[in-house]
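Lettering of chains follows the sequences in order, A, B, ..., and the numbering in each one begins at 1.
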Protein chains: 2
Amino acid sequence: MMRPYRQALDILRDAGLRPTRQRLGLARLLFDGGDRHVTAEHLHAEAVGANLPVSLATIYNTLHQFTQAGLLREVVVDPGRSYFDTNISAHHHFFHESTGDLRDIPADAMEVARVPVPPTGTVVERVDIIVRVKNA
Amino acid sequence: MMRPYRQALDILRDAGLRPTRQRLGLARLLFDGGDRHVTAEHLHAEAVGANLPVSLATIYNTLHQFTQAGLLREVVVDPGRSYFDTNISAHHHFFHESTGDLRDIPADAMEVARVPVPPTGTVVERVDIIVRVKNA
DNA sequence: GTGTTTGCAAAGTGTTTGCAATTTA
DNA sequence: TAAATTGCAAACACTTTGCAAACAC
């Protein structure tokens with residue numbers, strides 16, 4: 001698998017982030033393959049398991065840098081735990097609180113009729129829909 | 001203002017919660033007046049300011065007991081901070097990340113067309129819509 | 001009296017920060 | 001070599017827990 005390396009390199013270049021070993025490795029883990037939802041802890045375990053020694057501090061730094069660069073999107077569904085989503089296009093989420101399972105709902109699978117006018121002096125940044133599910 | 005006391009008492013009775021001084025006081029702060037959004041810290045400060053000495057531990061206990069009793073609803077909008085909403089009917093929220101301002105959107109002010117089928121083995125618990133706003 | 005509730009202080013989570021050592025360009 | 005990045009360990013914010021004292025019934 002050589003191609004993902006090149007891709008990761010370009011992704012970082014385009015984002016103006018210096019392509020360090022850690023960032024390259026994390027970018028490959030995150031952006032190779034399909035859409036992913038990760039927590040810092042989760043990504044850290046995965047990186048270490050993939051022979052990419054990274055500190056948790058760097059994981060946090062990187063997740064925030066990637067988010068700021070528009071490569072990731074933070075999803076708030078759980079108090080006290082942040083999820084990051086590699087799918088940055090408009091879409092929504094299913095969330096299973098007891099399992100922590102988070103998965104995408106394509107934007108066109110649901111539709112919001114009439115977004116209300118926001119409070120004076122503010123503008124809408126985005127609309128997040130979380131469909132909370134539990135075991136049947 | 002004597003009436004709220006009676007109301008708070010009944011609320012606790014109906015919920016099967018022993019009407020202690022702390023719970024009565026907090027119930028009055030929360031359910032007297034209109035809909036409110038509070039954090040634990042916020043409610044604690046308010047209680048202490050209202051001459052109701054309560055420990056933060058009790059605030060947390062009480063917020064969870066009230067939530068479990070269906071008197072409050074937890075709103076997840078901010079990683080690392082829990083909001084509790086005294087409006088327990090179906091509705092949605094505006095959230096201003098930089099100010100922490102959280103306010104209700106009446107259920108009938110927006111409409112979700114087509115809620116997608118949840119993952120196998122799960123059922124929809126509820127649908128939360130958060131309209132994230134920022135300064136214009 | 002008996003079981004519940006409270007409050008303190010300690011412990012726990014997930015996250016951020018300061019700073020010296022390392023790495024990149 | 002100069003500037004950016006890493007990683008450790010300490011610090012943080014918020015929340016939970018253990019347990020003895022206080023309280024409600």
Practice problem: Return the value, rounded to whole Å, for the distance between atom OH of A:Y60 and atom P of C:dG18. | Solution: 17 Å
Exercise. Could you check which of D:dG7, D:dT15, C:dG7 has an atom nearest any side-chain atom of A:T58?
Key: D:dG7
Quiz item: Nearest-Å distance, NE2 (B:H44) to P (C:dT6)?
Solution: 13 Å
Practice problem: Mind calculating the distance between CG (B:L63) and C1' (D:dC14) to the nearest angstrom? | Solution: 13 Å
Practice problem: Answer yes or no: does a side-chain N or O of B:Q65 lie under 4.0 Å from OP1 or OP2 of C:dT5? | Solution: no
Quiz item: What is the distance from CZ of B:R21 to P of C:dT4, rounded to the nearest Å?
Solution: 20 Å
Self-check item: Option among A:M110, A:H91, A:H93 that satisfies the side-chain contact (heavy atoms from CB on, under 4.5 Å) test with A:I105
Solution: A:M110
Quiz item: Rounded to the Å, how far apart are A:Y83 OH and C:dT13 C1'?
Solution: 14 Å
Quiz item: Between C:dT4 atom P and B:L12 atom CG, what is the distance in whole Å?
Solution: 17 Å
Quiz prompt | Secondary structure string for DNA chain D (Watson-Crick or G-U under 3.5 angstrom, | for other-strand pairs) | solution = ||||||||||||||.||||||||||
Self-check item: Length of the line joining A:L43:CG and C:dG14:P, which is rounded to integer Å
Solution: 15 Å
Practice problem: With heavy atoms under 4.0 Å as the rule, sort B:P19 into base, sugar-phosphate or nothing. | Solution: sugar-phosphate
Quiz item: Picking from C:dT16, C:dA25, C:dT5, which would you name as closest to the side chain of A:R18?
Solution: C:dA25
Exercise. Name the closest nucleotide to the B:R23 side chain, picking from D:dC14, C:dT6, C:dT24.
Key: C:dT6
Quiz item: Taking A:Y83 for the side chain and A:G100 for the main chain, is one N or O donor matched with an acceptor at less than 3.5 Å?
Solution: yes
Exercise. Decide salt bridge (Lys or Arg N to Asp or Glu O under 4.0 Å) for A:R114 and B:E111; before the verdict, give the C-alpha distance in whole Å, the side-chain angles of both, and the deciding distance to 0.1 Å.
Key: CA-CA 7 Å; A:R114 290 179 300 148; B:E111 192 182 339; 3.4 Å; yes
Quiz prompt | Interatomic distance where CD1 belongs to B:I59 and C1' belongs to D:dT16 [whole Å] | solution = 15 Å
Self-check item: Residue-phosphate contact under 4.0 Å: B:Q22 side-chain N/O, C:dG7 OP1/OP2
Solution: yes
Self-check item: Comparing A:R81 and B:P53 on DNA chain C - which has the more 5′ nearest nucleotide
Solution: B:P53
Quiz item: Under 3.5 Å, side chain of A:R132 to main-chain N/O of A:V77, donor-acceptor pair present?
Solution: yes
Exercise. Would you please say whether a donor-acceptor pair under 3.5 Å links the side chains of B:R23 and B:Q65?
Key: yes
Practice problem: Output yes when at least one side-chain N/O atom of A:H64 is less than 4.0 Å from OP1 or OP2 of C:dT15, else no. | Solution: no
Practice problem: Consider the side chain of B:N61, meaning its heavy atoms from C-beta on, and name the nucleotide among C:dT6, C:dT15, D:dT6 that approaches it most closely. | Solution: C:dT6
Self-check item: Any B:S82 side-chain N or O less than 4.0 Å from OP1/OP2 of D:dT15
Solution: yes
Quiz item: Within the structure, does a side-chain N or O atom of A:T20 lie under 4.0 Å from either OP1 or OP2 of D:dA4?
Solution: no
Quiz prompt | Options C:dT15, D:dG7, C:dC8, nucleotide nearest the side-chain atoms of B:S55 | solution = C:dC8
Quiz item: Hey, which of these two, A:L17 or A:L56, hits DNA chain D nearer its 5' end, going by closest nucleotide?
Solution: A:L17
Quiz item: Taking atom types as modelled and ignoring hydrogens, do the side chains of A:T58 and A:Q22 form a donor-acceptor contact shorter than 3.5 angstrom?
Solution: no
Practice problem: Run the numbers on B:D104 and B:R36 for salt bridge (Lys or Arg N to Asp or Glu O under 4.0 Å), then give the verdict. | Solution: CA-CA 9 Å; B:D104 287 349; B:R36 308 201 50 195; over 6 Å; no
Quiz item: Any idea how A:F84 and A:H64 line up, ring-wise: parallel (<30°), tilted (30 to 60°), or perpendicular (>60°)?
Solution: perpendicular
Practice problem: Return the nearest nucleotide to the side chain of A:A57; candidates are D:dG7, C:dT24, D:dC14. | Solution: D:dG7
